[in-house]
Asks: 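Once you've had a glance at the structure underneath, I'll fire off some questions.
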Amino acid sequence: MESVKNGDIAGEAGLVDGSCTEIIIVRHGETEWNALSKMQGQTDIDLNEVGRQQAIIVAEKLSREPNISAIYSSDLKRAFDTAETIASRCGLQVVIDKDLRERHIGDLQGLAYSEASKVNPIAFAALKSSRKDQEIPGGGESKDQVFRRCTSSLQRIAEKHRGERVVVVTHGGITGKLYKRAIPGERPGGVWNTSISIFQLSEGDNWSIKLWNDKSHLKETEYLESASGGGDASG
């Protein structure tokens, strides 16, 4: 599911069945903390220069897509600024939804992933716990909490935009949770900065994935190697 023929994300002229909503999920551009492998969570970090260029590239790709009717975003700057770049090229306004924020990872926010187990072993163990109700010390969310938050957000967006195509700009960990809602029991792997995934949400609470983690728009640029694969630990 990583790519489709000729990189055509629209299918048949971007037409969507009236009972379905097509949601184009974009992870935000790179931040300095991504580049340093620091754990962001809900810390509000700006895009770096690479991230701003990645946002322009994905915006140019999406500006050529037909029938995009709305753009939603997390309120964290790295996502919102990416969404604003897309919106400016699509002639739309960004709608903020705080439920699209990355997972709060408590006392781990700001730590380098490679050092977190030594600096705060209790919080790191909570992050890695298999228990879905395990919260992270320092105000961090459990897997269940963040899963309910972000999947409910996407469902609300889908119900508001039946028969339409919309863009949602969010975070690596959140995109991974949405994948698990669509394909339970499978691990999604890393989500690259400004990658594109396409979810289709139909009436009857049916979720499917049309395209996953596509980064073809970055392949002819210098920005692919910088596009880190994100999860709960990177944001």
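Worth saying up front: this structure is predicted, and the values here are computed from it rather than measured. Along the sequence shown, the residues carry numbers beginning at 1.
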Asks: Could you tell me whether R78 and E102 make a salt bridge, using a distance below 4.0 angstrom between a side-chain N and a carboxylate O?
Replies: no
Asks: Which atom names give the shortest non-hydrogen contact between F124 and A116, and what distance separates them?
Replies: CD1-CB, 3.6 Å
Asks: For a 4.5 angstrom cut-off between non-hydrogen side-chain atoms, does I198 reach I24?
Replies: yes
Asks: Using a 4.5 Å cut-off on heavy atoms from C-beta on, say whether the side chain of L154 contacts that of W207.
Replies: yes
Asks: Quick one: pull up CD1 in I25 and CG in L211 and give me the separation to the nearest 0.5 Å.
Replies: 11.5 Å
Asks: May I ask you to decide if H161's main-chain N or O and T21's side chain share a donor-acceptor pair within less than 3.5 Å?
Replies: yes
Asks: Please check if the side chain of T85 supplies one atom and the backbone of D81 the other of a donor-acceptor pair under 3.5 Å.
Replies: yes
Asks: So how far is it from S19 OG to E203 CD, rounded to the nearest 0.5 Å?
Replies: 5.5 Å
Asks: Look at atom CZ of R131 and say whether more than 12 heavy atoms of other residues, nucleotides or ligands are closer to it than 6.0 Å.
Replies: yes
Asks: Between the main-chain N or O of H104 and the side-chain N or O of E141, is there a donor-acceptor pair closer than 3.5 Å?
Replies: yes
Asks: So F80 and L100, do their side chains get closer than 4.5 Å, heavy atoms only?
Replies: no
Asks: Would E49 and R52 satisfy salt bridge (Lys or Arg N to Asp or Glu O under 4.0 Å), going step by step from the backbone distance to the final call?
Replies: CA-CA 5 Å; E49 182 56 32; R52 287 188 284 271; 3.2 Å; yes
Asks: Between D205 and R181 (salt bridge meaning N to carboxylate O under 4.0 Å), is one present in this structure?
Replies: yes
Asks: When you measure from the side chain of H217 to the backbone of T194, do you find a donor-acceptor pair of N or O atoms at a distance under 3.5 Å?
Replies: yes
Asks: With no hydrogens and no angle check, is any side-chain donor or acceptor of S74 less than 3.5 Å from a backbone partner on T170?
Replies: no
Asks: Any donor and acceptor pair, going by atom type alone, linking the side chain of K143 with main-chain N or O of S129 inside 3.5 Å?
Replies: yes
Asks: With no hydrogens and no angle check, is any side-chain donor or acceptor of S197 less than 3.5 Å from a backbone partner on N213?
Replies: yes
Asks: Is there a path of hydrophobic side-chain contacts, each under 4.5 Å between heavy atoms of I/L/V/M/F/W/Y residues, joining Y113 to L111?
Replies: yes
Asks: Please confirm whether the backbone N or O of S63 pairs with a side-chain atom of R89, one donor and one acceptor, at under 3.5 Å?
Replies: no
Asks: Less than 4.5 Å apart, any side-chain heavy atom of I122 and any of N120?
Replies: yes
Asks: Hey, what do you get for CD1 (I174) to CZ (R149), rounding to the nearest 0.5 Å?
Replies: 4.5 Å
Asks: Look at the side chain of R165 and the backbone N and O of P66, then say whether any donor-acceptor pair between them is shorter than 3.5 Å.
Replies: yes
Asks: Quick check against the 3.5 Å criterion: does Q109 have a side-chain atom that pairs as donor or acceptor with the backbone of I105?
Replies: yes
Asks: Do I136 and R103 have side chains that get closer than 4.5 Å, going by heavy atoms?
Replies: yes
Asks: Are I209 and I157 connected into the same hydrophobic cluster when the rule is that any two of I, L, V, M, F, W, Y join if their side-chain heavy atoms are below 4.5 Å apart?
Replies: yes
Asks: Would you mind telling me which of V26, I71, I57 makes a side chain to side chain contact (heavy atoms under 4.5 Å, CB included) with L62?
Replies: V26
Asks: Judged by modelled atom types alone, do E30 and Q54 share a side-chain donor-acceptor pair under 3.5 Å?
Replies: no
Asks: With a 6.0 Å cut-off (strictly less than), is the heavy-atom count around CD of E159, excluding the residue itself, greater than 12?
Replies: yes
Asks: Would a 4.5 Å heavy-atom cut-off, applied to side chains only, mark L218 and W192 as touching?
Replies: no
Asks: Indicate whether the side chain of D144 and that of S142 have a donor and an acceptor atom separated by less than 3.5 Å.
Replies: no
Asks: Run through R148, R156, K177 and flag the one making a salt bridge (charged side-chain N to carboxylate O under 4.0 Å, His left out) with D99.
Replies: R156
